[in-house]
Amino acid sequence: MTVAENFQELYGAAPDGVFAAPGRVNLIGEYTDFNDGFVMPLALPQAAVAAVSRRTDGVLRLHSGDVEGGVVSLRADELTPRAPLTAGWAAYPAGVVWALREEGHTSVTGADLHLESTVPTGAGLSSSAALEVVTAFALNELYGLGLSRPELARLGQRAENEFVGVPCGIMDQTASACCTEGHALFLDTRDLSQRQVPFDLSAQGLELLVVDTRVKHALGDGAYAERRAGCEEGARALGVRALRDVGFARLDAALRRLGDERIRRYVRHVVSDDHRVEQVIARLDAGDVRGIGPILTEGHRSLRDDLRVSCPELDLAVETANAHGAHGARMTGGGFGGSAIVLVEGVDAEAVTKAVLEAFAAAGFRAPGVFPAVPSAGARRVLP
Ligand code: ADP
Ligand code: MG
């Protein structure tokens, strides 16, 4: 059954509209977004699809076909940040309604929503942002709010930061809202300027594989906050507003001024990864997609050795892929599990996939999920 048919069965009427918002992978620029730096995500074909209707009686009904627990019924005017909802997942779409109303869009009086998502959850592919953005996009369309895609992304981030209580940056929601087919999205997280950079893999006979390790190490729980605090300490020690202001040309001089070895490593990662984003853009603008491979692998080394957010599964995926002819590979997202990306010739994709699966089996790791990341469109209306 389609998402619209499931909506009808659940709520007894056809939806006003059906909308989709994708998950994403980040091509390059990791742990840079809270340093006012650069990121470069692309949207995946995997997406959250939501059938939605307006309601004028203040009731907000939320349902996910992917989790147990039935319909969550709330009142739009009684939503409270960080108040635990009966179903944890419902905080994401409810948070978007809350954020819209907080910002004066009180015409959003309620909704019936049913969603189904093909974005794997907790794999570092931003299933949460897909959920937020599809909700914001749908309500913007159905209530005629006239909000731009970057504004919808910011509302999704606000929902996740303040309503759900997760301190994420702006990358994930921006990717889900703003990406376009055949492109990666360059985003400057300081001024939020963005540019679509051509990234047409199939035209070049290339594939970007996602290796979802299907693990999440507990070590990662406190690591994000620790890295973030360390980066802020580095910026303070160097007298800059954010590490983005150090600049790659002055990196060596900056490192000499830092006494703490740990902070030095963090600074080196962030400043060099911003630089790698610029290098990747230069290559892609020159039409040299294969040329970004070594930059991706260099980025992985930096995340592994300097920021120390990788893990054995991610390292094995990257090493195995590179040993079997990939142009380059790196972990993507927050690390300690989640996913890696691998740039590979289309004709080699099967052999590299097989090698990675065999290496994981030989190491006694859980079998990873491997699929191609086709640069896809951001949020869109599917029906009518
Ligand atoms: P990621 O965004 O990397 O996938 P997060 O922990 O940020 O991981 O978000 C995952 C959470 O988002 C899930 O635990 C769930 O609450 C919510 N979520 C994502 N997809 C769905 C879905 N299809 N149905 C219900 N909840 C979902
Ligand atoms: Mg998330």
Side-chain angles (χ1 to χ4, degrees), residues 3 6-7 10 18-26 30-31 33-34 39 41 43-44 46-52 60-72 74 82-97 113-136 138 153 155-177 210-218 220-225 309 311 314 331-341 369 371 373 379:
V3 178
N6 285 331
F7 178 101
L10 198 60
V18 179
F19 307 85
R24 64 97 188 97
V25 283
N26 190 23
E30 216 65 75
Y31 282 85
D33 64 342
F34 55 78
V39 295
L44 295 171
Q46 288 86 344
V49 179
V52 186
L60 177 63
R61 292 197 292 181
L62 304 169
H63 184 262
S64 168
D66 305 319
V67 299
E68 303 289 317
V71 174
V72 180
L74 304 160
R82 291 171 202 241
L85 299 179
T86 47
W89 72 270
Y92 294 91
V96 170
V97 173
L113 178 148
H114 164 73
L115 97 117
E116 296 171 25
S117 179
T118 51
V119 187
T121 58
L125 303 175
S126 283
S127 68
S128 62
L131 202 47
E132 292 147 11
V133 171
V134 78
T135 306
L155 280 157
Q157 183 200 17
R158 185 167 181 202
E160 187 152 345
N161 289 167
E162 296 180 37
F163 197 88
V164 183
V166 176
C168 59
I170 188 67
M171 166 169 67
D172 302 349
Q173 294 81 3
T174 304
S176 187
V210 176
V211 180
D212 172 6
T213 64
R214 297 201 167 113
V215 296
K216 192 77 217 163
H217 294 289
D221 289 351
Y224 181 84
V309 296
C311 66
L314 289 168
M331 55 157 276
T332 180
F336 302 102
S339 299
I341 51 172
F371 58 88

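Whatever order the structure lists them in is the order used to number ligands and atoms, beginning at 1.
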Legend entry - Enumerated ligand 1 atoms positioned under 4.0 Å from heavy atoms of Val67: 25 (C)
Legend entry - From His217 atom NE2 to Leu314 atom CG, the distance as rounded to the nearest 0.5 Å: 7.5 Å
Legend entry - Region of Val166 that comes within reach of ligand 1 [heavy atoms, distance under 4.0 Å]: neither
Inset, instruction - Using a 4.5 Å cut-off on heavy atoms from C-beta on, say whether the side chain of Leu131 contacts that of Pro93. - result: yes
Legend entry - Nearest-0.5 Å distance that lies between atom CZ in Arg158 and atom CD in Glu132: 13.5 Å
Legend entry - Distance from atom 11 (C) of ligand 1 to nearest protein heavy atom, with residue and atom: Tyr92 OH, 3.9 Å
Legend entry - Ring geometry between Tyr224 and Phe34 (parallel below 30°, tilted from 30 to 60°, perpendicular above 60°): perpendicular
Inset, instruction - To the nearest 0.5 Å, tell me how far Ile341 CD1 sits from Met331 CE. - result: 10.0 Å
Inset, instruction - Run down the list Ala48, Ser128, Ala50 and name the one with the heavy atom closest to atom 2 (O) of ligand 1. - result: Ser128
Inset, instruction - Starting from atom 15 (C) of ligand 1, locate the nearest protein heavy atom and write down its residue, its atom name and how far away it is, to 0.1 Å. - result: Trp89 CB, 3.9 Å
Legend entry - Distance, nearest 0.5 Å, that separates CZ of Phe371 from CG of Leu44: 6.0 Å
Inset, instruction - Could you list which atoms of ligand 1 come closer than 4.0 Å to a heavy atom of Asp66? - result: 22 (C), 23 (N)
Legend entry - Ser126 backbone or side-chain N/O/S under 2.8 Å from the Mg ion (ligand 2): no
Legend entry - Protein residue, atom and distance nearest to atom 20 (N) of ligand 1, heavy-atom basis: Thr121 CG2, 3.4 Å
Inset, instruction - Side-chain contact test, heavy atoms from C-beta onward, threshold under 4.5 Å: evaluate it for Leu155 versus Val96 and give yes or no. - result: no
Inset, instruction - For Gly122, take its heavy atoms, then give the atoms of ligand 1 lying under 4.0 Å from any of them. - result: 1 (P), 4 (O), 8 (O)
Inset, instruction - State, with a plain yes or no, whether a side-chain heavy atom of Leu125 is found less than 4.5 Å away from one of Gln46. - result: no
Legend entry - Atom pair CD/CD1 of Glu160 and Ile170 - distance to nearest 0.5 Å: 10.5 Å
Inset, instruction - For atom 4 (O) of ligand 1, grab the closest protein heavy atom and report residue, atom and distance to one decimal in Å. - result: Ser127 OG, 2.6 Å
Inset, instruction - For Ser117, counting its heavy atoms only, list the atoms of ligand 1 lying under 4.0 Å from any of them. - result: 23 (N)
Legend entry - Atom indices of ligand 1 within 4.0 angstrom of Ser64 heavy atoms, with elements: 22 (C), 23 (N), 24 (N), 25 (C)
Legend entry - Nearest-contact summary for atom 3 (O) of ligand 1 - protein heavy atom, Å: Gly124 N, 3.4 Å
Legend entry - Heavy-atom nearest neighbour in the protein, as seen from atom 18 (N) of ligand 1, with distance rounded to 0.1 Å: Leu131 CD2, 3.5 Å
